[in-house]
Amino acid sequence: MFLRQSFSVQLRRFSQRGTLPVLTLFTKDACPLCNEAKDALEPFKHRFILQQVNIERPENRVWYDRYKWDIPVFHLNGHFVVKHRVDLDLLDKLLQEAEAQTPGT
């Protein structure tokens, strides 16, 4: 429950600034599941900013150690959302929450 409340507060902060939420994809080269996940996101791409993090780069070692067996992994505004496959229903729900908290929508 605490994580959920904290996540809602974080979404509200981003929404109040009038910016789109940031969806981070932890990926690596030659990742067919990552490509499949990006394709699945296509209908939602106007609702977030996609940030890709290649876990194989030396500066991303901490993410490699954490996610080397789990990619693709998604975070929304810095919070873990899902790994292995995109849960489109969950993503849509989280994006709706962010949109509902955006002033003027």
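Position 1 is the first residue of the sequence; numbering continues from there. As the structure is a prediction and not an experimental result, all values here were calculated from the model.
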Q: Do the side chains of Asp89 and Lys93 get close enough for a salt bridge, i.e. N-O under 4.0 angstrom?
A: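 Result for this pair is no, no salt bridge flagged.
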Q: Return yes when atom NZ of Lys38 has more than 12 non-hydrogen atoms of other residues, nucleotides or ligands closer than 6.0 Å, and no otherwise.
A: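 More than 12 heavy atoms, drawn from other residues, nucleotides or ligands, come within 6.0 Å of this atom.
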Q: Measuring only between side-chain heavy atoms, which start at C-beta, is Phe74 closer than 4.5 Å to Leu41?
A: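 Yes, close enough: below the 4.5 Å cut-off.
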Q: Could you tell me the separation between the OG1 atom of Thr24 and the CG atom of Leu50, rounded to the nearest 0.5 Å?
A: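 Going from the OG1 atom of Thr24 to the CG atom of Leu50 covers 8.0 Å.
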Q: Kindly indicate whether the side chain of Asn60, heavy atoms from C-beta on, has any atom under 4.5 Å from the side chain of Phe26.
A: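 SC-SC contact between Asn60 and Phe26 ruled out.
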Q: Side-chain contact, heavy-atom cut-off 4.5 Å: His75 with Val73?
A: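 Yes. Closest side-chain heavy atoms under 4.5 Å.
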Q: I'd like to check Arg47 versus Leu23 (side-chain heavy atoms, cut-off strictly below 4.5 Å). Are they in contact?
A: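 When only atoms from C-beta onward are counted, Leu23 and Arg47 do not touch, as no gap falls below 4.5 Å.
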Q: Testing the basics here: between Val22 and Gln51, what is the closest heavy-atom pair and its distance to 0.1 Å?
A: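 Scanning both residues completely, I find the closest heavy atoms to be CG1-OE1, 3.7 Å.
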Q: Please find the pair of heavy atoms, one from Arg85 and one from Leu33, that lie closest to each other, and give the distance.
A: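 Shortest heavy-atom contact: NH1-CD2, 3.0 Å.
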Q: Testing the basics here: between Cys31 and Thr27, what is the closest heavy-atom pair and its distance to 0.1 Å?
A: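 In terms of heavy atoms, the two residues are closest at CB-OG1, 4.2 Å.
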Q: Locate the shortest heavy-atom distance separating Ala40 from Leu88; write the atom from each residue and the value.
A: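 So the minimum-distance heavy-atom pair works out to O-CD2, 3.6 Å.
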Q: Report yes if the side chains of Thr19 and Ile49 come closer than 4.5 Å at any heavy-atom pair, otherwise no.
A: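 A side-chain contact under 4.5 Å is absent here.
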Q: Could you tell me the separation between the CZ atom of Phe44 and the CG atom of Leu91, rounded to the nearest 0.5 Å?
A: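 That separation rounds to 5.5 Å.
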Q: With sequence neighbours left out, write down each residue that passes side-chain contact (heavy atoms from CB on, under 4.5 Å) with Asp29, or none if nothing qualifies.
A: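 Listed in chain order: Asn54, Glu56.
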Q: First locate atom CG of Asp70, then atom CZ of Phe80, and finally report the distance between them rounded to the nearest 0.5 Å.
A: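 Between atom CG of Asp70 and atom CZ of Phe80 there are 8.0 Å.
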Q: Check this for me: Lys68, atom NZ, are more than 12 non-hydrogen atoms of other residues, nucleotides or ligands nearer than 6.0 Å?
A: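 Atom NZ in Lys68 is packed in, count exceeds 12.
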Q: At what distance, to the nearest 0.5 angstrom, does CD1 of Ile71 lie from OH of Tyr64?
A: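 Output value for this atom pair is 9.5 Å.
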